[in-house]
Amino acid sequence: MDAARFLTFCATFFMISLSPGLCMTLSMSLGVSVGVRRALWMMLGELVGVALVGAAALGGVAALLLSAPQAFMVAKVIGAAYLIWSAVKAWRSPVKIALSQASDEVNTKGLISQGFITAVSNPKAWIFFAALLPPFIDPQQSLLPQAVVLLSVMVVIEFICLLIYAQGGRMLRDYLANRGLGQWLNRIAAGLMVGVAFWLVLG
């Protein structure tokens with residue numbers, strides 16, 4: 001892959017990743033509710049999902065899955081149900097949980113699953129990767145090295161953007177806490193998760 005093609009891909013993917021979306025909204029909600037450090041577990045699952053979707057798109061699996069909307073809908077409903085369940089828990093949780101990054105109440109496996117399901121059950125992500133990645137592949141060169149480079153760049157850029165949104169959520173949390181508005185922390189986090197759930201199903 002030549003330098004111009006590589007830099008164009010990096011710039012394009014960064015701008016698209018930085019725009020508000022399902023995973024970025026989820027990252028911000030977790031930045032509010034559990035803090036950046038705990039949100040890293042969700043990011044781990046999300047990044048694995050992004051890499052999987054990207055690899056499948058490069059392998060031509062995206063076209064096959066997009067032709068089975070029922071399977072997509074099942075995955076989307078499962079992901080949305082989990083998000084709503086998490087939102088209910090956040091709404092009912094004591095304020096001190098939202099203010100503590102080190103809370104023992106955080107379910108690590110649940111956060112990883114939450115990120116993974118959100119990433120792989122978003123049909124727009126499959127369409128996006130299926131459309132974006134092929135133009136940046138040089139047919140005159142071996143596919144595998146190019147795929148490794150593109151997927152690695154995607155994961156790094158996605159991680160940076162997720163951190164930006166989670167940090168924004170943490171800053172909002174600190175702002176509210178310092179003004180005695182801690183009771184709104186769980187409500188904001190819950191509202192964002194419910195929004196992601198509806199976005200996932202209706203998108």
So, for [X] and [Y], which heavy atoms are closest and what is the spacing to 0.1 Å?
X      : Y     : result
Ile157 : Phe14 : CG2-CA, 3.5 Å
Val34  : Ala39 : CG2-N, 4.1 Å
Met154 : Phe13 : O-CE2, 3.3 Å
Met42  : Ser27 : CE-CA, 3.5 Å
Glu158 : Ser17 : OE1-OG, 3.1 Å
Thr118 : Cys23 : CG2-SG, 3.8 Å

* Asked: If you round to the nearest 0.5 Å, how far is CD1 of Ile112 from CG of Leu47?
  -> 11.5 Å
* Side-chain (Ser29) to main-chain (Leu26) donor-acceptor, under 3.5 angstrom -> yes
* Asked: Are Leu40 and Met43 close enough that some pair of their side-chain heavy atoms sits under 4.5 Å apart?
  -> yes
* Contacts of Ile164 that satisfy side-chain contact (heavy atoms from CB on, under 4.5 Å) - sequence neighbours left out -> Leu18, Ile160
* Would you please name every residue forming a side-chain contact (heavy atoms from CB on, under 4.5 Å) with Phe116, sequence neighbours left out? => Val48, Leu52, Val120
* Asked: Among Arg38, Gln114, Arg170, whose side chain to side chain contact (heavy atoms under 4.5 Å, CB included) with Leu30 holds?
  -> Gln114
* Considering only Ile, Leu, Val, Met, Phe, Trp and Tyr, and joining two whenever side-chain heavy atoms are under 4.5 Å apart, list the other residues clustered with Val148. => Leu144
* Hydrophobic cluster membership, Leu151 vs Val156, 4.5 Å side-chain cutoff -> yes
